Structures are given as C-alpha cells and as structure tokens.
Amino acid sequence: SPADAEVVAAVGVCLASEGSTVGGLATALRNDKGVSSLGDAYALYAEFFKVFAIWSNQLDSARSRVDACKKTDAFRRALASCQQDPRTDGADLLNWLSRPSQHVMRQPLVLGNLLDFTPPQHPSRAALEEAMEKIKAVVSAVDAKKRDYEQRTRLVELHTSVRGLE
C-alpha cells in the first residue's frame with residue numbers, strides 16, 4: 001500500500017542520514033568559503049539540525065503506524081527483506097526510526113571528544129568551542145520543542161476526555 005511504501009522509504013532516509021552529516025561536513029571543508037576547520041563546518045550546519053525537532057515530535061506516531069503495518073503479511077515480508085539488506089546491519093525499522101533523533105543528541109558528545117583532544121592553543125579550538133555552543137543550543141531547542149509538543153498533545157487528550165464526560 002502507499003502507507004507501507006512511505007514507511008519503507010523512511011528506512012532509506014534513515015540510512016542516508018547516518019552518513020550525511022560526515023559527508024556534509026567534509027564537503028563544507030573542501031568547498032565552502034570561510035570554512036577552514038571541522039568546528040567551522042559544524043557551526044555552519046548547526047542550524048540545520050533543528051529539523052530533527054519535527055522528526056522527534058512525530059516519532060511516536062510513526063512507531064504506532066509501523067506497529068499497525070506489521071499486522072499485514074506483506075509488510076512483515078517487506079520488513080524482513082529490508083532487514084536482510086547488509087546496509088541495515090539487521091536493525092529493526094523502529095531502531096532506524098529512532099536514529100535521526102539519537103544522531104542529533106550525539107553531536108555534543110562528538111564535539112566534546114574533539115575538544116578533549118584539541119590543545120588549547122590549536123588554531124581550530126575556538127571554532128570547535130563555538131560549534132559546541134551552537135550544537136548545545138540546537139539540542140536544547142529540539143528538547144524544548146519536544147516537551148512543548150508532548151504538553152500540547154496531552155492537553156488535547158485531556159480536553160477530548162473532558163468533552164466526553166459532558
């Protein structure tokens with residue numbers, strides 16, 4: 001069905017997202033003016049990580065949709081076939097759906113590790129520190145949007161249940 005195709009297509013997006021950050025940063029280092037270090041590249045692309053807030057807000061709905069689709073034989077067969085693809089490392093679709101959100105949340109850890117191994121006098125140190133501040137701000141914004149979305153969803157649920165009592 002078209003819905004099943006949508007879910008299976010999401011796997012391809014997830015597969016691509018894992019390597020896209022590294023590829024994008026490497027491309028920025030090679031091609032973008034003003035980007036001379038990994039810190040510069042991270043700082044440049046930090047704002048783009050905010051799109052993960054939307055993904056994160058829809059994750060529960062996507063999981064529910066996948067669970068509903070798993071009730072059909074055709075979907076289960078397609079899912080099993082996808083899991084045989086070596087690019088998936090045998091990971092379940094629900095695991096892949098979680099990866100983009102996990103990906104953005106890992107970025108401060110990655111930058112923290114880079115900072116740990118970058119001497120204070122290194123020319124890239126300031127750019128890495130700036131990138132860390134920007135990534136932390138993005139992660140904080142994603143978290144805040146997720147909390148806001150969950151609160152609004154809960155409010156709608158409460159309103160619906162109260163209306164049902166009338």
Side-chain angles (χ1 to χ4, degrees), residues 1-28 38 41-116 128 131-164:
S1 77
D4 295 344
E6 250 179 64
V7 174
V8 172
V11 174
V13 171
C14 292
L15 286 169
S17 75
E18 284 295 300
S20 65
T21 300
V22 174
L25 294 173
T27 300
L38 190 56
Y42 259 103
L44 180 68
Y45 286 101
E47 291 298 310
F48 295 109
F49 284 114
K50 288 184 180 177
V51 301
F52 289 106
I54 298 165
W55 183 278
S56 177
N57 288 345
Q58 299 302 318
L59 190 55
D60 290 335
S61 175
R63 287 180 178 145
S64 295
R65 180 73 180 160
V66 168
D67 287 341
C69 289
K70 281 182 174 180
K71 293 177 183 174
T72 68
D73 289 335
F75 186 83
R76 283 195 307 271
R77 282 192 304 274
L79 196 55
S81 175
C82 287
Q83 282 184 277
Q84 298 303 314
D85 187 319
R87 296 175 295 168
T88 68
D89 292 326
D92 180 71
L93 179 57
L94 295 175
N95 176 280
W96 281 106
L97 288 173
S98 299
R99 286 186 181 198
S101 296
Q102 294 166 353
H103 177 77
V104 74
M105 299 305 175
R106 279 194 308 262
Q107 297 312 303
L109 297 172
V110 170
L111 281 169
N113 285 334
L114 284 170
L115 282 166
D116 288 345
L128 285 170
M132 176 63 102
E133 293 308 311
K134 287 185 176 187
I135 291 295
K136 282 182 177 179
V138 168
V139 168
S140 180
V142 168
D143 282 342
K145 287 181 180 181
K146 177 70 173 166
R147 277 191 307 277
D148 182 56
Y149 178 81
E150 289 170 348
Q151 289 172 350
R152 283 185 285 122
T153 300
R154 181 70 181 134
L155 187 59
V156 168
E157 290 169 357
L158 287 171
H159 177 71
T160 302
S161 68
V162 169
R163 272 188 106 194

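Computed from a predicted model, the values in this text were never measured in an experiment.
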**Q** Can you give me the closest heavy-atom contact between G112 and M132, atom names plus distance?
**A**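 Heavy-atom minimum between the residues: N-CE, 3.2 Å.
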
**Q** So which heavy atom on C69 is nearest to which on F75, and how close?
**A** O-CB, 3.1 Å

**Q** To the nearest 0.5 angstrom, please state how far the CG atom of D116 sits from the CG atom of L128.
**A**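 Rounded to the nearest 0.5 Å, the CG-CG separation comes to 11.0 Å.
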
**Q** Roughly how far apart are S98 OG and L93 CG, rounded to 0.5 Å?
**A**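 Answer rounded to 0.5 Å: 9.5 Å.
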
**Q** Could you pull out the closest heavy-atom pair between P108 and V139, with the gap in Å?
**A** CG-CG2, 3.8 Å

**Q** Please report the interatomic distance OG1(T160) to CG(L155), rounded to the nearest 0.5 Å.
**A**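 Going from the OG1 atom of T160 to the CG atom of L155 covers 9.5 Å.
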
**Q** Could you tell me which residues satisfy side chain to side chain contact (heavy atoms under 4.5 Å, CB included) with K146, sequence neighbours excluded, listed by chain and number?
**A** S56, N57, D60, E150

**Q** Could you list all the salt bridge (charged side-chain N to carboxylate O under 4.0 Å, His left out) pairs where at least one residue sits in residues 68-80, not counting sequence neighbours?
**A** K70-D92, D73-R76

**Q** Write down the atom of A62, the atom of L97, and the distance for their closest heavy-atom approach.
**A**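 That closest heavy-atom pairing would be CB-CD1, 4.2 Å.
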
**Q** Could you point out which residue of R99, M105, R106 forms a side chain to side chain contact (heavy atoms under 4.5 Å, CB included) with H103?
**A** R106

**Q** If you compare all heavy atoms of T88 against all heavy atoms of C82, which two are closest, and at what distance to 0.1 Å?
**A**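 It is CG2-O, 3.3 Å.
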
**Q** Hey, what do you get for CD1 (I135) to CG (L109), rounding to the nearest 0.5 Å?
**A**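 With rounding to 0.5 Å, CD1 (I135) is 11.5 Å from CG (L109).
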
**Q** If you measure from CG on D89 to CH2 on W96, what distance do you get to the nearest 0.5 Å?
**A** 6.5 Å

**Q** Taking NZ, NE, NH1 and NH2 as the nitrogens, is one of them in D67 or R63 under 4.0 Å from a carboxylate oxygen of the other?
**A**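 Looking at R63 together with D67, the answer is no, because their closest N to O distance does not fall below 4.0 Å.
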
**Q** Heavy atoms only: give me the nearest A91-N95 pair and the separation to one decimal.
**A**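 Answer, listing the atom of A91 first, then N95: CB-OD1, 3.7 Å.
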
**Q** Checking D148 against R152 for the side-chain contact (heavy atoms from CB on, under 4.5 Å) test, could you report, in this order, the C-alpha distance in whole Å, the side-chain angles of both residues, the deciding distance, and whether it holds?
**A** CA-CA 6 Å; D148 182 56; R152 283 185 285 122; 3.0 Å; yes

